[in-house]
Amino acid sequence: MSDFNIVNAADIISAVTDFSKRDDNEIGSVWNKVLSKIGYKEGVTDSENNFIGKRLAANSKVVDLKNGVLLVETNHSGWIQYLRMYQNFILKGLKWSLPNLKISSLAFRVRGTEASLSDIYDNHFEKAQQQMDEKIEKTERELENRFGQNHQNEKNEGKLPQELFQKLENLKN
(Lines give C-alpha, C1' and ligand atoms only; values in the text may rest on other atoms or scores of the structure.)
Protein backbone atom coordinates (compact mmCIF):
# COMPACT_ATOMS: atom_id res chain seq x y z
CA MET A 1 0.00 0.00 0.00
CA SER A 2 1.06 3.63 0.30
CA ASP A 3 3.31 5.30 2.84
CA PHE A 4 0.77 8.06 3.50
CA ASN A 5 -0.88 8.56 6.85
CA ILE A 6 -4.30 10.15 6.83
CA VAL A 7 -4.44 12.99 9.31
CA ASN A 8 -7.58 14.77 10.39
CA ALA A 9 -7.55 18.54 9.67
CA ALA A 10 -8.66 19.23 13.25
CA ASP A 11 -5.61 17.35 14.54
CA ILE A 12 -3.33 19.43 12.33
CA ILE A 13 -4.85 22.70 13.53
CA SER A 14 -4.74 21.50 17.14
CA ALA A 15 -1.09 20.48 16.84
CA VAL A 16 -0.16 23.88 15.41
CA THR A 17 -2.12 25.95 17.93
CA ASP A 18 -1.72 23.81 21.07
CA PHE A 19 1.14 25.42 22.93
CA SER A 20 1.69 22.42 25.21
CA LYS A 21 2.36 19.92 22.40
CA ARG A 22 5.13 21.81 20.65
CA ASP A 23 8.49 20.08 20.52
CA ASP A 24 10.25 23.23 21.65
CA ASN A 25 8.08 23.51 24.75
CA GLU A 26 10.74 24.45 27.26
CA ILE A 27 8.04 25.97 29.48
CA GLY A 28 6.25 22.62 29.78
CA SER A 29 9.34 20.80 30.96
CA VAL A 30 10.30 23.59 33.38
CA TRP A 31 6.68 23.63 34.62
CA ASN A 32 6.93 19.93 35.46
CA LYS A 33 10.31 20.38 37.18
CA VAL A 34 9.08 23.27 39.31
CA LEU A 35 5.89 21.43 40.31
CA SER A 36 7.77 18.24 41.14
CA LYS A 37 9.66 20.18 43.85
CA ILE A 38 6.44 20.98 45.73
CA GLY A 39 6.23 18.85 48.85
CA TYR A 40 9.59 17.18 48.23
CA LYS A 41 11.93 16.84 51.20
CA GLU A 42 15.66 16.10 51.04
CA GLY A 43 16.92 13.00 52.87
CA VAL A 44 13.51 11.37 53.11
CA THR A 45 12.61 8.09 51.42
CA ASP A 46 10.20 8.10 48.50
CA SER A 47 7.53 6.35 50.56
CA GLU A 48 7.72 9.12 53.19
CA ASN A 49 7.73 12.00 50.72
CA ASN A 50 4.56 13.88 49.87
CA PHE A 51 4.41 13.86 46.07
CA ILE A 52 1.72 16.52 45.65
CA GLY A 53 3.96 18.27 43.14
CA LYS A 54 4.23 15.21 40.93
CA ARG A 55 0.44 14.77 41.03
CA LEU A 56 -0.01 18.44 40.15
CA ALA A 57 2.38 18.05 37.21
CA ALA A 58 0.55 14.95 36.02
CA ASN A 59 -2.83 16.68 36.16
CA SER A 60 -1.93 20.05 34.65
CA LYS A 61 -0.31 21.42 31.52
CA VAL A 62 0.79 24.76 30.16
CA VAL A 63 -1.54 25.92 27.39
CA ASP A 64 -0.46 29.45 26.47
CA LEU A 65 1.71 32.39 27.43
CA LYS A 66 0.65 35.92 26.56
CA ASN A 67 1.64 39.30 28.04
CA GLY A 68 3.37 37.64 30.99
CA VAL A 69 0.35 35.52 31.91
CA LEU A 70 0.79 31.75 31.78
CA LEU A 71 -2.45 29.85 31.09
CA VAL A 72 -2.55 26.43 32.75
CA GLU A 73 -5.15 23.73 32.16
CA THR A 74 -6.05 21.09 34.77
CA ASN A 75 -8.19 17.94 34.86
CA HIS A 76 -10.33 19.16 37.75
CA SER A 77 -11.03 22.41 39.57
CA GLY A 78 -9.56 20.92 42.77
CA TRP A 79 -6.11 20.95 41.15
CA ILE A 80 -6.55 24.67 40.48
CA GLN A 81 -6.98 25.23 44.22
CA TYR A 82 -3.66 23.49 44.91
CA LEU A 83 -1.94 25.45 42.16
CA ARG A 84 -3.24 28.70 43.63
CA MET A 85 -1.94 27.66 47.06
CA TYR A 86 1.54 27.20 45.60
CA GLN A 87 1.31 30.02 43.05
CA ASN A 88 4.10 32.14 44.58
CA PHE A 89 6.44 29.15 44.74
CA ILE A 90 5.63 28.23 41.13
CA LEU A 91 6.11 31.79 39.84
CA LYS A 92 9.48 32.11 41.61
CA GLY A 93 10.62 28.78 40.16
CA LEU A 94 9.52 29.74 36.64
CA LYS A 95 11.12 33.19 36.87
CA TRP A 96 14.36 31.69 38.13
CA SER A 97 14.45 28.97 35.43
CA LEU A 98 13.11 31.11 32.55
CA PRO A 99 14.03 34.74 33.32
CA ASN A 100 13.78 35.85 29.69
CA LEU A 101 10.03 35.04 29.50
CA LYS A 102 8.96 37.59 32.14
CA ILE A 103 6.11 35.45 33.55
CA SER A 104 4.20 37.66 35.98
CA SER A 105 1.07 35.66 36.82
CA LEU A 106 -0.81 32.42 36.29
CA ALA A 107 -4.30 31.89 34.93
CA PHE A 108 -6.17 28.59 35.15
CA ARG A 109 -8.92 26.74 33.36
CA VAL A 110 -10.45 23.28 33.63
CA ARG A 111 -9.89 20.97 30.67
CA GLY A 112 -12.85 21.05 28.33
CA THR A 113 -13.59 24.74 28.82
CA GLU A 114 -12.65 27.12 26.07
CA ALA A 115 -11.44 30.01 28.21
CA SER A 116 -8.46 31.71 26.63
CA LEU A 117 -6.08 34.35 27.89
CA SER A 118 -7.91 37.03 25.93
CA ASP A 119 -11.19 36.03 27.65
CA ILE A 120 -9.53 36.07 31.05
CA TYR A 121 -7.88 39.43 30.31
CA ASP A 122 -11.16 40.88 29.00
CA ASN A 123 -13.03 39.78 32.16
CA HIS A 124 -10.30 41.22 34.39
CA PHE A 125 -10.29 44.46 32.37
CA GLU A 126 -14.09 44.77 32.61
CA LYS A 127 -14.01 44.33 36.38
CA ALA A 128 -11.22 46.90 36.74
CA GLN A 129 -13.10 49.32 34.47
CA GLN A 130 -16.28 48.87 36.50
CA GLN A 131 -14.44 49.44 39.78
CA MET A 132 -12.80 52.58 38.38
CA ASP A 133 -16.17 53.90 37.14
CA GLU A 134 -17.69 53.31 40.57
CA LYS A 135 -14.82 55.17 42.28
CA ILE A 136 -15.18 58.09 39.87
CA GLU A 137 -18.95 58.27 40.43
CA LYS A 138 -18.48 58.15 44.21
CA THR A 139 -15.87 60.92 44.08
CA GLU A 140 -18.10 63.04 41.85
CA ARG A 141 -21.04 62.61 44.26
CA GLU A 142 -18.83 63.61 47.21
CA LEU A 143 -17.58 66.67 45.35
CA GLU A 144 -21.09 67.61 44.30
CA ASN A 145 -22.34 67.25 47.88
CA ARG A 146 -19.48 69.34 49.21
CA PHE A 147 -19.12 71.99 46.53
CA GLY A 148 -22.33 71.71 44.54
CA GLN A 149 -23.99 74.59 46.32
CA ASN A 150 -21.12 76.86 45.30
CA HIS A 151 -21.78 76.11 41.65
CA GLN A 152 -25.47 76.82 42.01
CA ASN A 153 -25.00 79.99 44.03
CA GLU A 154 -22.00 81.61 42.37
CA LYS A 155 -21.67 83.62 45.63
CA ASN A 156 -19.45 81.07 47.43
CA GLU A 157 -20.91 81.82 50.89
CA GLY A 158 -17.52 81.50 52.65
CA LYS A 159 -16.96 77.79 52.04
CA LEU A 160 -13.94 78.25 49.78
CA PRO A 161 -11.52 81.13 49.57
CA GLN A 162 -12.66 83.36 46.73
CA GLU A 163 -9.39 82.93 44.82
CA LEU A 164 -9.64 79.10 44.94
CA PHE A 165 -13.31 79.24 44.02
CA GLN A 166 -12.51 81.38 41.01
CA LYS A 167 -9.72 79.01 39.87
CA LEU A 168 -12.09 76.04 40.13
CA GLU A 169 -14.67 77.92 38.10
CA ASN A 170 -12.04 78.70 35.46
CA LEU A 171 -11.04 75.03 35.32
CA LYS A 172 -14.67 74.04 35.02
CA ASN A 173 -15.17 76.40 32.09
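Starting from 1, each residue takes its place in the sequence as its number.
- Residues Lys167 and Glu163 are paired through a salt bridge, judged by an N-O separation under 4.0 Å between the basic side chain and the carboxylate.
- No side-chain heavy atom of Val34 sits less than 4.5 Å from a side-chain heavy atom of Trp96.
- In this structure, NZ on Lys135 lies 12.5 Å from CD on Gln130, to the nearest 0.5 angstrom.
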query: What do the steps show when you test Trp31 against Glu26 for side chain to side chain contact (heavy atoms under 4.5 Å, CB included), and what is the final call?
result: CA-CA 8 Å; Trp31 173 260; Glu26 183 182 6; over 6 Å; no

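- Taking NZ of Lys66 as the reference point, atom CG of Leu71 lies at 9.5 Å (rounded to 0.5 Å).
- With sequence neighbours excluded, no residue forms a side chain to side chain donor-acceptor pair (under 3.5 Å) with Asn32.
- The CG atom of Leu143 lies 9.5 Å from the CG atom of Leu168; values are rounded to the nearest 0.5 Å.
- Looking at Glu73 and Phe108, their side chains never come closer than 4.5 Å, going by heavy atoms from C-beta outward.
- Scanning for side chain to side chain donor-acceptor pair (under 3.5 Å) contacts around Arg84 gives an empty result, with sequence neighbours left out.
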message: Checking Val72 against Val63 for the side chain to side chain contact (heavy atoms under 4.5 Å, CB included) test, could you report, in this order, the C-alpha distance in whole Å, the side-chain angles of both residues, the deciding distance, and whether it holds?
response: CA-CA 5 Å; Val72 178; Val63 179; over 6 Å; no

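- Between Thr74 and Arg111 there is no side-chain heavy-atom pair separated by less than 4.5 Å.
- In this structure the side chain of Val110 never reaches within 4.5 angstrom of the side chain of Asn75, judged on heavy atoms.
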task: Would you sort out whether Ile52 and Tyr86 count as a side chain to side chain contact (heavy atoms under 4.5 Å, CB included), showing the intermediate values?
output: CA-CA 11 Å; Ile52 184 67; Tyr86 295 108; 4.3 Å; yes

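- Atom OG of Ser97 is separated from atom CD1 of Ile103 by 9.5 Å, given to the nearest 0.5 angstrom.
- Using modelled atom types, one side-chain atom of Ser104 and one backbone atom of Gly68 make a donor-acceptor pair closer than 3.5 Å.
- By the 4.5 Å heavy-atom criterion applied to side chains, Ile90 and Leu106 are counted as neighbours.
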- request: Output, in order, the C-alpha distance, side-chain angles, deciding distance and verdict of side chain to side chain contact (heavy atoms under 4.5 Å, CB included) for Leu70 and Ser105.
  value: CA-CA 6 Å; Leu70 190 68; Ser105 64; over 6 Å; no

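- One distance of note links CG of Asp133 with CD of Glu140; it measures 10.0 Å at 0.5 Å rounding.
- Taking NZ of Lys95 as the reference point, atom CG of Asn100 lies at 13.5 Å (rounded to 0.5 Å).
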